[in-house]
Amino acid sequence: MKVFLSLTGLYLKSFYNLPAKAAKGAKFDPKTALKTLGIGLLVLLVVGQMGFIFGASNMATYEALAPLGLQGIVLLNVAVIATVLTLAIGFLTALSTYFMNDMELQFLAMPIKPRELFAAKFAAIYLSEAAISVFFVATALVIFGIKEAPHPLFYIWGFKAALLLPLPALAISYLIQIPLMGFARFLKNKQAILLIGGVIGLVMALGFNIYYQTMLGRLQDPAWIAANMAGPDALLTKLGRSYPPAYLTWRALSAPASWDAVLSLLGLAAVCVAGPALVILGLSGRYAKSLVGFNESHIKKLGAGADAFLRAKLVKRPAFLSLVARELRMMNREPMYMLNGPFIIVLMPVILGIMVVVQRDAFLGDPDMAGLLAMMQGGAGAIVAALSGVFLGSATSITCTSLSRDAKALPYLKSLPISAGRYMLAKLVHGLAFAAFGSAMGVGLVAYALRLGLGDIAAAFGAALAMGALLNLGGLWLDTANPRLRWDNPIAAMKQNPNAVIAIFGAMGLAGGGGYLAFTTGMSTGAFALWFGLVPAAAFVALLLPYPRYAARRLAAIEV
Amino acid sequence: MIELSGISKTYAKSAVKAVDGLSVTVKDGEIFGFLGPNGAGKTTTIKALTGVLKADEGSVRIDGVDLTAEPIAAKRRIGYVTDNPELFARLKAAEYLNFVADIYGVGDADRRERTARYAGLFGIKDALAASIGSFSHGMKQKLLVTASLLHDPANWILDEPMVGLDPKSAFNLKELMRERAAAGKTVFFSTHVMEVAEKLCDRLAIINRGKIVFIGALAELKALRGADGSLEKLFLELVDEGEGAQA
């Protein structure tokens with residue numbers, strides 16, 4: 001048990017990059033305290049947003065079903081979605097942490113039982129799954145509780161069900177992955193896993209988006225609700241019945257103060273605990289065996305073609321171009337960087353596109369939309385196009401994580417005969433190239449949808465480019481001032497980098513604030529181009545001029 | 001030629017000087033070994049010497065060029081092999097070499113010829129199309145050595161270069177050091193391997209707790225200590241004396 005607990009603690013620290021416990025007598029560091037406070041506020045903000053999304057979804061379902069007397073279905077819906085949500089996130093987390101690093105191979109050489117090793121990893125991942133499940137179920141319990149005032153046991157059963165529901169979902173994930181890793185050699189490669197995981201994650205996220213948008217539309221249709229949600233033959237009832245944990249949760253919550261609820265909850269506990277127990281008992285050995293070979297690498301040899309290869313590939317280029325090419329390759333060949341960074345330029349339009357296509361009838365049928373569409377075609381469209389371009393052009397997190405991502409190579413890079421200014425400006429060029437692409441995508445798509453004229457398109461693109469450039473430069477200043485240089489996992493340099501979150505919120509704030517000002521003051525397209533094109537462009541130049549000297553000073557001061 | 005004069009460095013999060021008033025001069029055509037126990041200040045000194053760290057005090061001159069006043073010109077005269085070969089895992093080996101050659105402004109013919117020579121010598125020429133992330137530790141080390149020689153530097157600085165190298169590659173590396181010194185170039189390297197230092201170095205320095213405790217030729221050390229023991233024995237005596245004095 002001691003080994004299991006130690007391993008679980010170690011995995012938790014490693015997965016979530018938890019800070020080490022402060023040493024006894026350590027001095028109070030205001031900078032660290034401020035950073036912790038900032039991260040705490042960001043976490044609160046993200047949790048608040050997630051709570052809003054979950055709450056809104058549960059409220060919409062409740063309000064659609066309550067008039068028909070079917071509000072109890074909300075509870076079944078919650079159990080099904082909590083399972084699907086934890087299955088999707090759990091599957092991806094289990095896949096991305098299946099083999100973390102060579103440290104796990106050292107575990108195999110230690111007197112650790114495979115069962116302890118696998119159970120510890122399972123437990124570490126389960127904790128985050130449980131948190132997500134409890135959070136999602138809690139939003140439904142609160143809404144249902146306010147509206148229906150159920151017996152207090154309802155909340156206790158709901159909390160217990162939320163803790164139990166992720167267990168079989170995670171067990172299923174490993175039930176699929178362990179045999180797969182055992183025979184599919186190509187999967188024993190972090191790169192392949194990240195790519196496959198990324199694609200599965202995207203498909204799941206897009207699938208969930210389609211499901212959610214479709215549901216929102218259908219919940220307005222009482223005939224559809226009656227056909228699909230009411231009665232024993234309804235689709236949702238069938239879905240719930242075919243997955244016992246969801247059905248048992250529903251029964252436990254429907255009549256919480258009854259023996260049937262207690263029996264249902266006991267049944268739920270038995271079914272949910274059985275899954276992990278069987279997987280841990282039956283597959284731990286195979287899991288430990290499947291870890292062997294993850295660190296193997298296969299190098300394709302050039303053979304007789306080596307000299308021809310050198311002639312073709314070793315060609316002189318200007319040093320600055322070489323620096324920019326290195327930036328592009330280092331970011332876009334790392335799946336986690338690419339998917340969480342530049343790929344957003346493609347992903348966001350796809351997500352919004354799904355929303356527009358699925359909800360088009362609802363949008364166009366809304367009487368308020370007619371006025372809005374007329375306003376868009378009357379000049380405001382250029383502003384919307386520009387703001388959409390700004391967001392896509394500045395949401396890539398390229399510049400605001402650029403120095404942090406280079407942390408491991410920084411000592412070597414500092415020894416090269418390149419000025420800090422040129423080295424950092426290559427990062428800015430990388431960011432600006434994607435800002436231009438994002439601006440073109442954002443402006444182009446809105447311009448196409450609203451059939452904007454050439455003048456509006458040019459003004460929107462100019463404004464998007466100017467604001468995008470300014471935000472990218474702002475991100476570069478931010479990461480130069482406060483880079484995240486200590487990390488084990490490269491993902492930490494990007495996804496767990498406060499600079500990325502600050503930059504995204506900064507972009508959203510500027511786009512939102514700019515839009516608000518433009519609409520409330522009734523700004524013309526020309527005035528918008530002036531204030532949101534020329535002014536940011538001037539600010540960009542003003543911030544760019546002192547940057548190389550600042551970068552040189554900061555880089556010289558960084559101790560790596 | 002490498003000149004370090006009165007170099008001191010204290011890290012921001014430490015109260016102790018990692019390097020304290022260190023002065024070393026390495027002449028052209030010399031192989032200079034830099035020895036010391038773990039945490040003695042070897043890597044900090046090398047980082048100050050290559051411009052990676054800014055020293056609090058003192059100056060560094062490379063072939064007479066001041067590193068602080070003219071960092072780019074001084075760095076152009078250096079070829080540096082870092083002690084951490086985990087650099088650009090996502091680049092292909094050839095891309096990395098091309099990048100380094102571009103930074104140093106090496107012409108097409110020279111970069112091809114030197115890549116073919118050094119990558120061939122270390123047995124990685126065949127693997128240059130592969131991603132660095134797929135390389136073993138030793139292969140990465142060989143790639144770093146190859147990259148450090150692409151611009152034919154007058155001063156070659158290597159931090160623990162033997163770590164991870166197979167015997168044949170270690171032998172080839174030592175031969176290269178001798179060849180460069182014979183051509184009038186400076187070789188400055190740190191190592192824990194006493195046999196390597198003993199056989200290879202014209203002069204050496206032993207550093208402990210940030211201070212030089214000996215600098216000179218091995219024969220001088222032996223004469224000074226009045227002993228005829230191995231470098232390993234003399235090294236341990238010097239370091240132990242330092243520890244005793246601190247205690």
Side-chain angles (χ1 to χ4, degrees), chain A residues 29 189-191 295-307 309-323 325-326 328-335 337-338 405-406 408-420 422-423 490 552-553 555-560, chain B residues 9 11-13 43 46-47 49-54 71-78 80 82-92 94-108 111-113 115-116 119-120 125-131 133-136 139 144 151 157:
Chain A
D29 179 7
N189 176 310
K190 287 290 263 184
Q191 174 97 341
N295 62 343
E296 283 175 12
S297 58
H298 306 280
I299 295 169
K300 202 178 158 193
K301 300 276 181 180
L302 286 166
D307 286 320
F309 174 82
L310 294 185
R311 273 196 303 279
K313 298 290 174 187
L314 296 185
V315 181
K316 191 175 178 184
R317 272 187 310 193
F320 189 71
L321 273 187
S322 226
L323 281 166
R326 188 194 73 91
L328 281 160
R329 287 168 176 154
M330 291 291 288
M331 179 154 203
N332 299 300
R333 285 182 187 168
E334 174 69 57
Y337 288 164
M338 205 262 280
R405 282 183 279 111
D406 255 351
K408 301 286 175 199
L410 210 49
Y412 179 70
L413 288 162
K414 283 176 77 176
S415 78
L416 296 176
I418 35 170
S419 71
R422 289 184 87 197
Y423 161 62
R553 230 178 30 245
L555 256 73
I558 289 173
E559 291 176 346
V560 279
Chain B
K9 174 71 192 173
Y11 286 100
K13 288 185 178 169
T43 295
I46 289 180
K47 283 181 173 174
L49 168 57
T50 50
V52 175
L53 275 180
K54 197 174 161 190
I72 307 291
K75 287 175 184 177
R76 281 197 181 283
R77 293 157 198 274
I78 293 171
Y80 173 43
T82 160
D83 62 338
N84 170 26
E86 306 299 325
L87 295 173
F88 306 128
R90 295 288 167 203
L91 291 192
K92 290 174 180 160
E95 288 170 349
Y96 167 63
L97 294 174
N98 221 19
F99 166 74
V100 174
D102 285 339
I103 296 297
Y104 285 95
V106 182
D108 285 348
R111 71 176 68 188
R112 286 172 193 155
E113 185 259 318
T115 298
K125 195 171 145 188
D126 253 6
L128 292 180
S131 149
S134 64
F135 279 21
S136 67
M139 288 174 81
L144 268 179
H151 59 296
I157 299 164

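Sequence lines set the chain letters: A, B, ... in the order given, protein chains first and strands last, and positions in each chain run from 1.
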ask   = Above 12 or not: heavy atoms from other molecules or residues under 6.0 Å from NZ of A:K313?
value = no

key: Side chain A:K414, main chain B:V52, donor-acceptor under 3.5 Å   = yes

ask   = So which of A:S415, A:A557, A:A319, A:A409 has the largest heavy-atom pair count under 4.5 angstrom toward chain B?
value = A:S415

ask   = Any sub-3.5 Å donor-acceptor pair from B:K54's side-chain atoms to A:L555's backbone N or O?
value = no

ask   = Is chain B contacted by the side chain of A:K301, its backbone, both, or neither, given a heavy-atom distance below 4.5 Å?
value = both

inquiry  = Could you check whether any side-chain heavy atom of A:L416 comes within less than 4.5 Å of a side-chain heavy atom of B:K75, counting everything from C-beta outward?
reply    = no

request  = Side chain from CB out, backbone as N, CA, C, O: work out which of these in A:L323 comes under 4.5 Å of a heavy atom of chain B, or both, or neither.
outcome  = both

query = With respect to chain A, which residue among B:A101, B:P71, B:G105 yields the maximal number of heavy-atom pairs within a distance under 4.5 Å?
reply = B:G105

note = For A:E559 and B:L53, the nearest pair of non-hydrogen atoms, with its separation, is CA-CD2, 3.8 Å

remark   = Cut-off 4.5 Å, heavy atoms of chain A, and the answer for B:L49 is neither

request  = Could you tell me which portion of B:S134 (side chain, backbone, both or neither) has an atom closer than 4.5 angstrom to a non-hydrogen atom of chain A?
outcome  = both

ask   = Would a distance-only check, ignoring hydrogens and angles, find a side-chain to backbone donor-acceptor pair under 3.5 Å from A:R333 to B:R90?
value = yes

ask   = Shortest non-hydrogen contact from A:K316 to B:G107?
value = CD-CA, 4.2 Å

ask   = Under a 4.5 Å cut-off applied to non-hydrogen side-chain atoms, are B:D108 and A:V315 in contact?
value = yes

inquiry  = Between A:R317 and B:D102 (side chain of the first, backbone of the second, donor and acceptor by atom type, cut-off under 3.5 Å), is there such a pair?
reply    = no

key: Side chain proximity check, A:I299 to B:M139, heavy atoms < 4.5 angstrom   = yes

Max heavy-atom pair count under 4.5 Å with chain A, selected residue of B:V100, B:L97, B:I157, B:L87 = B:L87

remark   = From the list A:I558, A:L321, A:L413, the residue making the most non-hydrogen contacts under 4.5 Å with chain B is A:L413

Charged N-O contact under 4.0 Å between B:K125 and A:D307 = yes

task = Without swapping roles, check the side chain of B:N98 against the backbone of A:L314 for a donor-acceptor pair under 3.5 Å.
result = no

note = Most heavy-atom pairs under 4.5 Å with chain A, out of B:A94, B:A129, B:A130, belong to B:A129

inquiry  = Let me confirm one number: the CZ-CD1 distance from A:R326 to B:I103, rounded to the nearest 0.5 Å.
reply    = 8.5 Å

key: Which portion of A:R422 sits near chain B, non-hydrogen atoms under 4.5 angstrom   = neither

request  = Return the option, out of A:R311, A:K300, A:M331, with the maximum number of heavy-atom pairs under 4.5 Å with chain B.
outcome  = A:R311

ask   = Can you say whether the rings of B:F88 and A:Y412 are parallel (under 30°), tilted (30 to 60°) or perpendicular (over 60°)?
value = perpendicular

